[in-house]
Amino acid sequence: MMLRKIPGSFYARDTRKVARNLLGKILSCKTSEGIAKGRIVETEAYCGDKDPAAHAYRGKTPRSKIMWGRAGVAYVYFVYGMHHMLNVVTEREGTPGSVFIRALKPIEGIRLMKQRRKTQDAKTLTNSPAKLTQALGITMQDNGVDLESGHLWIEEGRKEKFDIVSTGRVGIKAGKKLQLRFYIKGDEHMSRI
DNA sequence: TATTGGATCGCC
DNA sequence: GCGATCCAATAG
């Protein structure tokens with residue numbers, strides 16, 4: 001079922017608000033292999049040139065300059081020689097920011113996800129940032145894709161109430177104290193507690 | 001041009 | 001706990 005696609009204007013706001021508001025929405029990716037979708041259960045905000053953990057902190061570089069660009073496009077980067085990380089660019093053009101997608105609950109295309117992840121274990125298909133990009137087939141090819149018009153997009157989720165927990169971000173050195181990680185309280189698809 | 005280490009994962 | 005395995009960023 002295709003629910004309403006989130007418009008580009010949704011992302012052109014305060015990064016923390018976008019990070020919180022993306023919880024419960026459905027990340028979707030269509031490739032020649034099929035469609036895969038998951039409910040976003042965990043995000044992190046990377047606020048730009050005042051946030052020491054953000055790629056934008058030291059100014060524009062070839063990789064990070066996309067964070068100053070138009071909101072609502074994918075920022076994908078490659079780390080540790082093997083993993084792809086997915087962000088969505090936020091804020092108005094000229095102000096850097098992005099929301100890092102950390103975990104999903106598999107919703108559609110689970111067979112395809114298992115194939116890509118080379119596991120039958122449904123619990124570990126998309127419960128961390130590198131796993132979800134692998135499960136959805138997201139690679140550097142998707143860097144810069146417009147989420148309003150491309151094959152990668154985010155839809156409204158089902159209306160349901162949940163509490164949001166905020167904590168320090170995972171796996172970074174600088175900016176550890178900032179409470180910029182958000183997740184759906186009690187969700188079992190978390191990357192970690 | 002060389003070096004360092006990373007918004008990680010999975011196996012030891 | 002540690003190796004995998006690439007490349008962006010920074011220093012020289």
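A, B, ... follow the sequence lines: proteins, then strands. Residue 1 opens every chain.
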Examine [N]: is either OP1 or OP2 under 4.0 Å from a nitrogen or oxygen in the side chain of [X]? Give yes or no.
| X | N | answer |
| --- | --- | --- |
| A:Arg63 | C:dA9 | yes |
| A:Arg117 | B:dG10 | yes |
| A:His55 | B:dA7 | yes |

- Query: Regarding A:Arg181 and the six-membered ring of A:Phe100, is the cationic atom NZ or CZ under 6.0 Å from the ring centre and inside 45° of its axis?
  - Reply: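 Here A:Arg181 fails the 6.0 Å and 45° test against A:Phe100.
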
- Message: Check for me: is A:Tyr46 stacked on B:dA7 by the 5.5 Å centroid and 30° plane-angle rule?
- Response: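 The ring of A:Tyr46 is stacked on B:dA7.
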
- Message: Looking at A:Lys185, I'd like to know if its NZ atom is crowded, meaning that more than 12 non-hydrogen atoms belonging to other residues, nucleotides or ligands lie closer than 6.0 Å.
- Response: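 Check fails, neighbour count at 12 or below.
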
Closest listed nucleotide, where the reference is the side chain of [X] and the choices are [options]:
| X | options | answer |
| --- | --- | --- |
| A:Lys173 | B:dG6, B:dA7, C:dT10 | B:dG6 |
| A:Ser128 | B:dG6, B:dA7, B:dC9 | B:dC9 |
| A:Lys131 | B:dA7, B:dG6, B:dC9 | B:dC9 |
| A:Pro62 | C:dA9, B:dG10, B:dA7 | C:dA9 |

- What distance, rounded to whole Å, do you find between the two C1' atoms, one in B:dG5 and one in C:dC2?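 After rounding to an integer number of Å, I get 15 Å for this pair.
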
- Message: Checking base pairs now: Watson-Crick or wobble, both atom distances under 3.5 Å. What partners C:dT5?
- Response: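 C:dT5 is paired with nothing.
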
- Task: Scan every strand shown for a Watson-Crick or G-U wobble partner of B:dA7, both distances under 3.5 Å, and answer none if you come up empty.
- Result: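 B:dA7 is unpaired by these criteria.
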
- Query: Without hydrogens or angle criteria, can the side chains of A:Asp142 and A:His84 be said to hold a donor-acceptor pair below 3.5 Å?
  - Reply: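 Judged by distance alone, the side chains do not pair up.
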
- Query: Any side-chain donor paired with an acceptor under 3.5 Å for A:Thr124 and A:Asn127?
  - Reply: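 There is no such pair (donor and acceptor under 3.5 Å, judged by atom type) between the side chains of A:Thr124 and A:Asn127.
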
Contact class for [X] (heavy atom, under 4.0 Å): base, sugar-phosphate, or nothing?
| X | answer |
| --- | --- |
| A:Met82 | base |
| A:Ala53 | base |
| A:Arg181 | nothing |
| A:Arg169 | nothing |
| A:Phe78 | sugar-phosphate |

- Query: Less than 3.5 Å between a donor and an acceptor, one on the side chain of A:Tyr77 and one on the base of C:dA8, is that the case here?
  - Reply: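 Answer is no: no donor-acceptor pair is held.
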
- Taking atom P of B:dG10 as reference, at what distance in whole Å does atom NZ of A:Lys118 sit?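 Nearest whole value for this atom pair: 12 Å.
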
- Would you mind reading off the distance between A:Leu125 atom CG and B:dC9 atom P, rounded to a whole angstrom?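 For the pair A:Leu125 CG and B:dC9 P, the rounded distance is 13 Å.
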
- Salt bridge check: are A:Lys114 and A:Asp121 linked by an N-O gap of less than 4.0 Å?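 No, this pair does not count.
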
